[in-house]
Q: 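There's a structure below that I have some questions on.
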Amino acid sequence: MCLVDIRSEPAAPDFAAPEFHAAARRDAELALAIDKSLARMPQFDHRFVGVVVWDGAVTVSGLVDSAEAHERVRAAIAEMPGVIAVRDTLRVRKIERA
């Protein structure tokens with residue numbers, strides 16, 4: 001038998017609450033701003049990088065051509081207003097373009 005103290009369990013998000021929708025909108029706006037910022041980076045193909053934002057925490061994944069590009073992407077995301085954390089799962093690998 002497993003007993004769980006329900007007071008220690010986090011409350012499930014109320015998806016109907018206005019706060020949830022406001023947070024989701026902020027996350028979507030932040031993700032779009034990050035994507036636009038990455039698209040403007042010179043000598044970098046942002047199409048191979050994806051971002052997911054949840055409550056201001058950003059997970060970045062995908063491929064970059066070099067360690068320099070990896071660092072530039074991570075730093076650019078970390079410096080964006082509204083970003084509170086960055087989870088970096090980028091991989092450095094030569095990208096073959098057709």
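Along the sequence shown, residues carry numbers from 1. Values reported hereafter were calculated over all heavy atoms of this structure, with side chains retained and with hydrogens, waters and symmetry mates removed. These numbers come from a predicted model, not from an experiment.
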Q: Take atom CD in Glu71; do more than 12 heavy atoms of anything else shown fall under 6.0 Å from it?
A: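 Yes.
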Q: Does one hydrophobic cluster hold both Leu38 and Leu32, with members joined at side-chain heavy-atom distances below 4.5 Å?
A: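 Different hydrophobic clusters.
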Q: To check you understand the geometry: which heavy-atom pair defines the closest contact between Leu30 and Met80, and what is its length?
A: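 Reported closest heavy-atom pair: CD1-CB, 4.5 Å.
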Q: Side-chain contact test, heavy atoms from C-beta onward, threshold under 4.5 Å: evaluate it for Val83 versus Ile34 and give yes or no.
A: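 Yes - at least one pair of side-chain heavy atoms lies under 4.5 Å apart.
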Q: Hey, what do you get for CG (Asp55) to CD1 (Ile84), rounding to the nearest 0.5 Å?
A: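 One gets 6.5 Å once the value is rounded to the nearest 0.5 Å.
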Q: Measure from the side-chain N and O atoms of Asp27 to the backbone N and O of Gly56, and report whether any donor-acceptor pair falls under 3.5 Å.
A: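 Side chain of Asp27 to backbone of Gly56: a pair is present.
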Q: What closest approach, in Å, do Val92 and Ala67 show between heavy atoms, and which atom pair accounts for it?
A: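 Reported closest heavy-atom pair: CG1-N, 3.9 Å.
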Q: Do you know the tightest heavy-atom contact between Val64 and Ala69?
A: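 So the two residues come closest at CB-CB, 4.1 Å.
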Q: Measuring from Arg87:CZ to Arg74:CZ, what's the distance to the nearest 0.5 Å?
A: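 Result: 15.0 Å between the selected atoms.
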Q: Roughly how far, to the nearest 0.5 Å, is CD1 of Ile77 from CG of Asp35?
A: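 Interatomic distance, Asp35 CG to Ile77 CD1, rounded to 0.5 Å: 10.0 Å.
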Q: If you compare all heavy atoms of Arg72 against all heavy atoms of Pro42, which two are closest, and at what distance to 0.1 Å?
A: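 For Arg72 versus Pro42, the nearest heavy atoms are NH2-O, 3.8 Å.
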Q: Once rounded to the nearest 0.5 Å, what's the spacing between atom CH2 of Trp54 and atom OG1 of Thr59?
A: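 Here the interatomic distance stands at 11.5 Å.
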Q: Are Leu90 and Val52 connected, step by step, through hydrophobic side chains (Ile, Leu, Val, Met, Phe, Trp, Tyr) whose heavy atoms are closer than 4.5 Å?
A: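 Shared cluster, no.
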Q: Run Glu29 and Arg26 through salt bridge (charged side-chain N to carboxylate O under 4.0 Å, His left out) and show every step you take.
A: CA-CA 5 Å; Glu29 289 169 355; Arg26 283 190 304 272; over 6 Å; no
Q: Calculate, to the nearest 0.5 Å, the distance between atoms NE2 and CG belonging to His70 and Leu63 respectively.
A: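 So the gap between those two atoms works out to 11.0 Å.
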